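Heads up: the structure comes next, in structure tokens.
These numbers were taken from a predicted model, which means no experiment stands behind them. In what follows, chains are A, B, ... by sequence order, proteins preceding strands, each numbered from 1.
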Amino acid sequence: MRKLDNKIIFTGPVGAGKTTAIGAISDIPPVTTDANASDMTLNRKGYTTVAMDYGLLHLDDGSKVHLYGTPGQERFDFMWEILSNGAIGLILLLDNSRQNPEKDMEFFLDAFKDMLKGAPVVIGVTKTDLKPTPTAGTYARMLEKMGMRPPIFEIDGRSREDVKNLVMAMLFSIDPGLEG
Amino acid sequence: MSATQNKVICVKTVGMDSRKQAVFRMAFKMHTMQRYELAEDAIGMKPDLAIVDMDCVDGNLLWENHGSENPDLPTLIVSMISLPDAPVPVLVKPVRIETLFPLLRQVLSERTTPGRQNPPQSPPQSPPLQVVQNAQPELASQPVPSSVNAPSSQPAMQKMPEQVGRFDPTRGLLGTLQEILQAKRPSMVMIANQNSLIVFPEQERVMVLQDLTQLKNACENEGVIITTRALQKEDKPDNRNIVVSNFVGLLWQVAIWTSRGRLPDGIPVHAPVKLKYWPNLTRMAPIPNALRMAAFLVRSPSSLPVAVRMLNVPPANLFDFLSAAYSIGLLDVIESRREAAETPPVEPVLVKDEAKGGMLSRLLRRIVGL
């Protein structure tokens with residue numbers, strides 16, 4: 001049986017809304033390690049996460065669940081494995097307005113493939129108001145061909161309800177009979 | 001034409017500061033089936049309904065003043081506690097999108113107004129579940145929108161009913177929309193000879209020309225005549241007065257309205273069924289326990305009695321979910337033994353949570369309560 005470290009990992013490309021999504025459900029204001037964006041990142045936003053984001057959920061027995069957001073830039077990918085070790089699950093956020101979000105999805109699923117051997121992934125597609133396609137169904141059919149059927153929802157990272165749905169879908173993916 | 005039909009619905013807020021208003025502003029922004037706007041943002045518009053927040057020091061006084069000033073304005077109360085004697089529906093906090101909009105529709109369709117009545121008395125606490133169910137008795141088959149994401153809260157063991165209600169998914173509004181989808185032809189749908197929907201199946205878009213309540217009524221009343229015709233040049237609706245919606249989302253909603261706790265012909269009770277993949281549940285009309293049912297049925301095929309027993313969900317919820325998934329082509333019915341034998345076994349649970357007090361259960365409880 002896998003040992004859990006009471007943490008959930010939020011990942012995805014630069015600008016997908018990881019920091020915002022953590023902030024939507026965290027009990028504390030998210031701790032971020034942002035820096036002015038340089039190179040290609042600057043085209044998408046003025047600052048970006050360079051180490052990680054951190055949020056926290058307090059449970060009713062006094063224990064805590066840690067919410068970690070990975071830095072979006074590939075050059076920080078050495079952080080990803082360290083962060084994801086022992087995590088309850090992975091929340092992958094895709095920015096639909098990027099040039100090739102399907103490729104982003106494949107990239108991140110591959111980057112976390114070791115983690116996903118023992119933990120579920122849930123996918124949230126953001127910025128569908130800016131670019132409605134690919135739809136959630138398009139991604140789901142792509143994933144089906146890869147032998148995966150994870151939850152995949154359109155979300156607004158600012159909406160607590162949407163982020164809650166991602167986390168709950170992750171928990172029910174572990175055990176649909178889970179009771180709260 | 002009803003007050004809600006084809007227009008922006010202007011919502012007056014009472015007892016709310018800008019922070020509380022921001023919650024509703026965001027909810028309205030995210031709702032695509034009907035446009036709502038706060039009165040503060042809809043300058044010059046007359047409010048169509050009011051939302052009164054009772055959670056302030058002078059909540060009762062606010063209510064009295066609101067009732068005397070707006071006795072005929074359809075009103076919804078929001079409160080931290082349930083108020084069973086309230087003269088209008090009550091939305092128990094936290095505000096959930098899936099609960100809010102059905103109640104707003106109910107308030108508008110039934111025109112529940114404050115009148116000149118006494119303020120609702122604060123009662124002993126009762127679960128939000130009960131309030132919502134009481135507030136929308138006509139939605140018995142799809143009650144408790146707030147539990148769409150929640151774990152099953154039914155203490156008693158759920159069982160399959162001896163008699164399963166059935167409906168023909170090829171008839172009525174649902175059948176008409178399915179035909180249009182298959183034909184891939186832009187069409188006008190008329191309900192009782194009134195232009196109601198313009199459907200662009202290839203773009204997966206639909207323009208809703210009628211109030212949603214009328215669409216719902218058409219699903220519930222099998223006698224309503226529904227016809228279609230090819231789009232014509234003069235079918236150019238006034239863009240200010242339409243709601244553009246996602247066609248798949250509308251199909252899902254129409255299937256729920258049609259199902260009302262029944263199963264479509266074509267889904268045998270004892271044949272295993274499975275989901276091809278997860279529906280985009282954050283953008284679909286809510287069904288209680290939908291996340292749990294999707295998680296279960298996407299893993300491996302299950303017959304309906306087994307699904308009810310394993311998940312302990314009310315069969316009506318499961319039937320609504322299956323109807324909706326079936327309507328958008330996500331449900332596979334496995335009828336042959338060979339096919340059943342070829343289906344993969346149930347994946348093992350990745351992490352076993354220790355009974356009800358386990359960390360995952362506590363996390364679920366925390367997330368549901370956010």
For the atom pair [atom1] ([X]) and [atom2] ([Y]), what is the distance rounded to the nearest 0.5 Å?
X      : Y      : atom1 : atom2 : answer
B:L363 : A:I88  : CG    : CD1   : 5.5 Å
A:D162 : B:L281 : CG    : CG    : 11.5 Å
B:R299 : A:F172 : CZ    : CZ    : 12.0 Å
B:M359 : A:N6   : CE    : CG    : 4.0 Å
B:L291 : A:M170 : CG    : CE    : 12.0 Å

Where do [X] and [Y] come nearest, in terms of heavy atoms and distance?
X      : Y      : result
A:S173 : B:W278 : OG-CZ2, 3.9 Å
B:L364 : A:M168 : CD1-CG, 3.7 Å
A:K164 : B:V368 : NZ-O, 3.4 Å

Check: B:V298 main-chain N/O paired with A:R149 side-chain donor or acceptor under 3.5 Å: yes

Side-chain (B:R292) to main-chain (A:L178) donor-acceptor, under 3.5 angstrom: yes

Between A:T128, A:D27, A:T133, A:V163, the one whose heavy-atom pairs under 4.5 Å with chain B are most numerous: A:D27

Pick one of side chain, backbone, both or neither for [X], based on which atoms fall under 4.5 Å of a heavy atom in chain B.
X      : answer
A:I8   : side chain
A:E154 : both
A:L171 : side chain
A:P132 : neither

Chi angles and distances behind the side-chain contact (heavy atoms from CB on, under 4.5 Å) call for B:R366, A:V65: CA-CA 10 Å; B:R366 180 75 182 85; A:V65 172; over 6 Å; no

Atom NZ of A:K131 with >12 non-hydrogen neighbours under 6.0 angstrom: yes

Heavy-atom side-chain contact between A:D175 and B:L360 under 4.5 Å: no

Interface residue of largest heavy-atom contact number with chain A, from B:V248, B:N280, B:L275, under 4.5 Å: B:N280

